[in-house]
Structure formats: C-alpha cells, structure tokens
Asks: 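Can you keep this structure in mind? I'll have questions shortly.
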Amino acid sequence: MIRDQIRQIVTDATANAQSAGHLPSIKFPPIEIQRPNQPEHGDYSSNVALLASSAIRKSSGQKANPRQIAQSIVDHIETGELVGGVELAGPGFINFRLHESWLQKNLLSVIEQGADFGAIDRGNGQRWQVEYVSANPTGPLHYGGGRNAVLGDTLANVLEAAGYEVQREFYVNDGGSQIQLFIESLYVCYLQLCEEMGGAPKRDVERPEGAYQGAYMQDYARVVRERVGDRLAHLEPAEAKEGLREIGREIVVTDIKDELATVGVTFDRWFSEKSLYDEGLVDRLLNDLSDRGEVIKRDGALWFLASKYPGNEKDEVVVRSNGAPTYFASDIAYHYDKFFRRKFDQVINVWAVDHQGHIPRMGAVMRALDLDPERLRILLYNLVKLIRDGQEVKMSKRSGDFLTVREVVEEVGPDAVRFMLLTTSPESSIEFDMSLAVQSKNENRVFYVQYGHARICSLLQRAAQNGHKNPEAVPEDAAEIVKLLTDPAEMTLIRRMLEMEEQIELAVERLSPHNLTYYAEDLTKTFSVFYENCQVLHTDVPPQLARARLLLVLAARTALSRVLNLMGMSAPEAM
RNA sequence: GCGCCAGUAGCUCAGUGGAUUAGAGCGUCGCCCUGCGGAGGCGAAGGUCGCAGGUUCGAGUCCUGCCUGGCGCGCCA
C-alpha cells in the first residue's frame with residue numbers, strides 16, 4: 001500500500017539521519033502517515049518531527065526545533081519512483097507528493113486488476129466468520145434488521161477484499177421460548193383458518209399470552225394448510241404443535257431467506273440453535289464447565305459465574321429452576337463450536353445496541369473456555385427509528401406493527417435501501433422517514449454514483465462507434481500514452497482511484513464499511529469534474545490524448561463498479 | 001442509581017490529535033448546454049461543532065464534570 005511505502009521511506013530516512021548523527025539516537029514514536037485535508041499540502045504528510053520534538057524534550061529536557069528535525073529527515077529521504085516531491089511545511093510537517101509518472105503508470109494497474117481492484121492481503125487467508133442478522137425466526141424482518149443485514153454483508157465483502165476467508169452465518173434461534181411462542185401462535189391461527197374453511201372440529205384453544213398476531217401469521221397459517229390440509233387440526237393440541245414445529249420453522253426461515261435476498265444478502269450457513277441441544281453439546285459443555293467450577297447450582301437454578309471475569313457484575317442463569325435452559329446456555333455451546341470445532345481465527349457478531357449488555361458476558365464465556373476474548377468482536381449498531389407522519393412508530397413484531405425490509409425495497413429498490421442503511425456510522429441511530437424516503441427515491445445518492453457509471457459505459461460505447469478500436473482493451477503502447485494525462489482533473493481522478501486500498505483497509509480496521517458510500521460519491525464527483533473539463537471524443541482532441549483519456553475512463557469504470565459491488569449494489573450500464 | 005452510544009449548517013448525516021477558510025447531500029438563491037447522458041458542473045448564503053473546565057505548540061476529535069435524547073442493567077431473546 002502507498003501509505004506503507006511512504007511510512008517506510010520516512011522510517012529509513014529517520015534511521016539514516018540518526019546513524020549520521022544528525023538526530024539524537026532516542027527511540028522515535030511510531031511514524032504516522034496522514035492524508036492532508038488540503039491538496040496544497042500534498043498527497044501524504046507526516047508529523048513525525050513534531051512528535052519527535054516533544055519526545056526529545058521529554059527524554060533529555062532539551063528543546064528541539066521540530067522544523068530542524070524535519071529538515072534532517074528530509075535531507076536523508078530517498079524518494080524512489082513513488083514520490084515526486086517532498087516539502088517541509090508549517091511547524092514541521094513533511095509533505096509528500098506522488099510522482100506524476102508513478103500515478104500515470106498505476107492507472108493501468110487499476111484496469112489490470114479489474115473486478116479485484118483494491119484487494120489487499122491484510123487477512124493472509126485467515127478464517128473469519130461474520131454472524132449477522134440472526135433475527136428470531138418468528139416473522140418477517142423489520143427494517144432495523146435490514147440495517148444489520150446490510151452492515152454484516154458489506155463488512156463480509158470488504159473482509160474478502162482484504163484477504164480474509166470469510167464465512168457468512170445466520171444463527172437460527174429455533175431452540176428457545178420465542179420459537180415456542182411462535183409455534184403456539186401459529187397453531188391458533190391455523191386452527192381458526194381450518195374452522196373457517198369448515199374442515200375441522202371446533203377446539204377451545206386460547207391464544208397464548210403475548211402471542212404473535214401480525215397479519216403475516218395468517219399468511220403463514222394458509223401456507224401450512226396448503227401443505228398439510230386440515231390434518232393437524234384433528235390431532236390433540238400437543239401432538240399437533242409437535243407436527244407444526246418443523247413446518248412452521250421451515251416456512252418462516254424460508255420467508256426470511258427470501259426477504260434477505262431482496263437486498264442481495266445471502267448466507268453460507270444457517271446454523272440451528274436446536275441442533276446444539278439435539279446433539280447434546282449444551283449438556284456436555286455445562287457439565288465440563290461445572291467440573292471446572294465455572295458453573296454452579298444455586299437457588300435451584302444453574303448459574304454461569306460470569307462475575308469472576310472483568311466487566312461483569314452479575315452471574316448468569318444457564319438452566320432455570322424449572323429445568324429449561326436459557327438462550328445463554330446454547331450461546332456458550334454455539335461459540336465453543338465456532339472456535340474449537342470450526343476453528344475460526346476471528347468471529348464478528350453483528351448486534352443491535354439493545355444487546356450491548358450481553359457483550360461482557362460473552363467476554364467471560366471466552367475466558368472460561370480458555371479463548372482469547374479478542375477473537376470475538378461485536379459490531380454494535382444503533383437502532384432504526386421509524387417516522388411516519390412526523391411521529392415515531394414503535395416497531396413490534398408481536399403486535400405486527402412494523403415496517404419490513406421487503407416493503408421498503410418494493411418502494412425504493414434494493415440499492416437505495418442498502419445505500420441509505422450504509423451512509424451512517426453504525427453507532428449513530430437512524431431516523432427513517434417513510435414518506436420522505438418514498439418521495440425522494442429518485443434522489444437517493446446511490447443513483448448519482450450509478451449514473452456516473454452508466455455515463456462511463458455509454459461513453460465507451462460511443463467511442464467504439466466513433467472508430468476507436470476496442471476501447472475496453474489496453475493497447476500495447478498504453479505505458480507511453482498515459483503520459484499524456486497531465487490535466488489536474490485527470491490527475492485528481494487517478495489519485496482518488498488509487499485510494500481504493502486505503503478505503504478497504506479503513507473499513508476493515510474499524511469494522512464499519514460506511515466510509516465506502518462517501519468514497520463512492522467522491523469518486524463519482526471526481527469523475528464528473530473530469531468529464532466536464534476534459535473532452536474525450538471531440539474532434540478537437542488529439543487522437544493520442546483521446547486514447548489516453550479512454551484508458552482513464554476505463555479505469556474509472558473499474559473503480560466505480562468495484563466500490564458499488566463491495567457495497568452489494570449494482571453497477572448499471574444504462575439507467 | 002450505574003453502564004454504553006449520540007448531540008456538528010434549516011433538515012439528514014460525514015469528519016483518522018494537527019497547517020489562517022469545519023465538509024457532503026437535500027432545501028434556499030445565483031450562474032453554465034451550436035461539445036461525449038443536465039440524474040451533471042460552478043458559485044453564494046447558512047456553524048459560538050450541546051455547555052463548562054482541563055491537557056497540548058495545536059482540540060469537533062483526548063481527559064473531567066454537567067445538560068439533553070436513545071439503549072441496556074430479568075430464572076426474556
């Protein structure tokens with residue numbers, strides 16, 4: 001990466017200045033390379049001299065002029081072909097300007113890398129898992145779940161681009177009380193339906209407390225009846241519910257799967273919580289932990305002693321006094337499975353903030369299992385507030401009052417949904433105004449980016465019509481003709497494109513890919529400026545320059561479609 | 001009460017401890033088509049970065065306290 005190369009140059013120069021006796025031989029602070037806000041300050045800059053100055057003062061008590069330190073470092077810099085200019089500026093910054101010929105040459109690497117443009121090998125093939133959405137299988141996904149889906153999916157994309165081997169997983173909570181309640185609710189709906197259709201005996205079955213009662217439950221009941229007819233209605237309730245379990249789970253999981261597919265989100269694996277009980281892993285682990293004093297019996301219940309571990313004040317019930325395990329019990333088994341059986345190097349769970357209290361407990365679980373807690377990271381995101389007619393609408397799956405992902409996708413399309421959910425940083429809450437979203441669906445910012453891409457495609461098409469032979473290929477003399485690209489708009493566009501690696505690294509480092517939306521807009525904007533300022537296919541443009549600009553346009557298409565694809569959005573050729 | 005997160009332009013939001021002017025989109029007000037897609041480009045107005053201290057050569061960014069809002073502190077998930 002460019003930044004790393006600059007850092008190396010500074011590191012070497014500092015070491016050389018020290019061994020030449022021009023700088024004191026103290027340990028220098030880690031060298032940071034920044035991107036200046038203002039273009040006049042170069043492409044990269046380092047404040048090493050300023051940091052060194054205070055380090056020297058602290059260690060020796062002597063004053064050290066940062067500008068002099070910077071000058072000593074600058075004197076020892078060997079620029080190579082990457083750096084075209086080094087300046088000392090302000091109180092002691094060292095500014096670097098990339099070499100024009102280096103930029104021109106690397107334009108071609110954008111085209112060569114194609115769909116993999118910007119890939120870095122930070123991950124080194126490590127096995128990472130991203131577990132996301134994992135919504136209760138009790139109904140359609142509400143819009144907040146969509147945020148989880150888009151964050152997790154985009155993060156997984158970016159991790160893959162950064163060289164990690166990524167597995168995408170949805171944890172199906174089919175082992176606890178919520179699915180039980182769902183099945184019982186579904187049973188009531190199914191019975192009612194069968195009665196109405198006149199095919200079943202009347203049964204006096206009460207709707208359970210807190211039942212799921214959204215309109216979608218009726219739809220599910222209809223699907224059940226289409227599959228099995230009235231058969232289950234003739235059975236005794238206990239037996240009927242048992243029969244409904246599998247089919248009910250299957251229907252709702254399929255529904256969620258289809259709904260996620262509408263925003264382009266798919267998973268490598270749908271992991272069943274229930275399977276952890278069925279194979280006995282939960283019991284086995286609780287026994288093991290009990291033998292090791294991590295789990296004890298108290299007040300008739302079984303407790304995990306979380307309070308032994310930092311960040312935890314309370315212990316956690318794993319088996320209630322009535323003998324029913326809590327979801328926390330299966331969560332222990334689930335994470336055991338992730339690390340010991342499937343051997344992921346790193347696991348990232350994407351959770352909404354209302355699960356934040358669970359984070360320290362999971363840290364305790366990691367320690368109790370003798371795992372490095374750092375290997376489990378939680379990407380926490382804030383909630384989506386739904387505003388309708390200026391009022392906040394409380395979304396509740398049980399009451400059935402909520403906005404689904406599917407509804408919004410139908411209104412504004414999948415790309416716009418993803419973009420909206422991706423522009424804010426995860427820790428900010430989103431206020432989503434339904435009426436505004438629908439009104440302004442054609443003003444969604446993603447269309448600006450896609451429009452830029454479509455315009456590029458049409459430009460390349462027109463080039464072919466105008467007699468440019470195969471404008472999508474790199475000619476043999478490419479290395480020569482790119483030297484004709486010297487206009488500021490052209491150079492700025494190249495610079496922006498070559499930021500791709502840094503943008504990918506940034507998203508991975510912070511586990512928050514929202515910077516990509518801003519990068520995509522910036523890239524598009526830079527292209528638009530080039531487009532306004534530099535004609536490509538006009539008769540006034542010398543033929544060689546036109547060919548060079550076509551290469552630039554081709555690279556821009558590569559970069560734009562890459563960033564759109566990373567965000568899971570389409571890169572249309574026309575719109 | 002304790003913990004986590006947020007508070008930046010009229011609205012929705014970016015902002016990685018640095019350089020006289022803190023950014024974007026939308027909205028408002030001006031320009032720019034006898035030239036490749038105007039779903040575009042250029043410009044203007046609009047800010048005591050919640051408040052008060054502190055650290056630093058330098059703070060929207062770090063520390064402390066406070067205010068406001070959200071979320072969490074279950075033998076729920």
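Order of the sequence lines fixes the chain letters, A, B, ..., with proteins taken first and strands second; residue numbering starts at 1 for each chain.
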Asks: Heavy atoms under 4.0 Å, any strand shown: does A/Asn95 hit a base, just sugar-phosphate, or nothing?
Replies: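 Touches a base.
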Asks: So, A/Phe93 and B/G18: ring centres less than 5.5 Å apart, planes less than 30° off, yes or no?
Replies: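 No, A/Phe93 does not stack on the base of B/G18, since the centre distance and plane angle fail the 5.5 Å and 30° test.
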Asks: Heavy atoms only, 4.0 Å cut-off, all strands: where does A/Ala463 land among base, sugar-phosphate and nothing?
Replies: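 Nothing, no heavy atom under 4.0 Å.
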Asks: Mind checking A/Arg549 for me? I need base, sugar-phosphate or nothing, with any heavy atom below 4.0 Å counting as a touch.
Replies: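 Nothing: the residue A/Arg549, judged by heavy atoms under 4.0 Å, touches no strand.
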Asks: Checking all strands, does A/Ser429 fall into the base, sugar-phosphate, or nothing category for heavy-atom contacts under 4.0 angstrom?
Replies: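 Sugar-phosphate, no base atom in range.
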Asks: Within the 4.0 Å heavy-atom criterion, would you say A/Val319 contacts the bases, only the backbone, or no part of the nucleic acid?
Replies: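 Touches nothing.
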Asks: Determine whether any donor atom in the side chain of A/Gln356 lies under 3.5 Å from an acceptor atom in the base of B/G3, or the reverse, and answer yes or no.
Replies: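 For A/Gln356, whose side chain was compared with the base of B/G3, there is a donor-acceptor pair (under 3.5 Å).
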Asks: By the definition side chain to side chain contact (heavy atoms under 4.5 Å, CB included), identify the one residue from A/Leu380, A/Leu379, A/Asn148 that meets it with A/Trp351.
Replies: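 So the option named by the test is A/Leu380.
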Asks: For A/Cys534, answer base if it contacts any base atom (sugar-phosphate contacts may also be present), sugar-phosphate if it contacts only those atoms, and nothing otherwise; contact means non-hydrogen atoms under 4.0 Å.
Replies: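 The residue A/Cys534 makes base contact.
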Asks: What nucleotide, of B/C13, B/G40, B/C75, holds the atom closest to the side chain of A/Arg455?
Replies: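 Nearest nucleotide to the side chain: B/G40.
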Asks: Base, sugar-phosphate, or nothing for A/Glu505, non-hydrogen atoms under 4.0 angstrom?
Replies: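 Nothing, no nucleic acid heavy atom in range.
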Asks: Could you please name the option among B/C71, B/G37, B/A19 that lies closest to any side-chain atom of A/Ala454?
Replies: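 Among B/C71, B/G37, B/A19, the one nearest the side chain of A/Ala454 is B/G37.
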Asks: Does B/C13 have its OP1 or OP2 closer than 4.0 Å to a side-chain nitrogen or oxygen of A/Ser425?
Replies: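 Checking B/C13 against A/Ser425, no side-chain N or O comes under 4.0 Å of OP1 or OP2.
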Asks: Salt bridge check, A/Glu505 against A/Arg3: does any charged N sit closer than 4.0 Å to a carboxylate O?
Replies: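 No, no charged N to carboxylate O under 4.0 Å.
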Asks: Can the ring centroids of A/Tyr143 and A/Phe432 be said to lie less than 6.0 angstrom from one another?
Replies: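 Aromatic pair counts; centres sit under 6.0 Å.
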Asks: Counting only side-chain nitrogens and oxygens, does A/Arg67 get under 4.0 Å of the OP1 or OP2 atom of B/C57?
Replies: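 No, no such contact exists.
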Asks: Checking only heavy atoms, does the side chain of A/Asn47 share a donor-acceptor pair with the base of B/G18 at less than 3.5 Å?
Replies: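 Looking at the base of B/G18, it does pair with a donor or acceptor on the side chain of A/Asn47 (distance under 3.5 Å).
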Asks: Has the side chain of A/Ser321 got a donor or acceptor that lies under 3.5 Å from a partner of the other kind on the base of B/C75?
Replies: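 Yes, a donor-acceptor pair under 3.5 Å.
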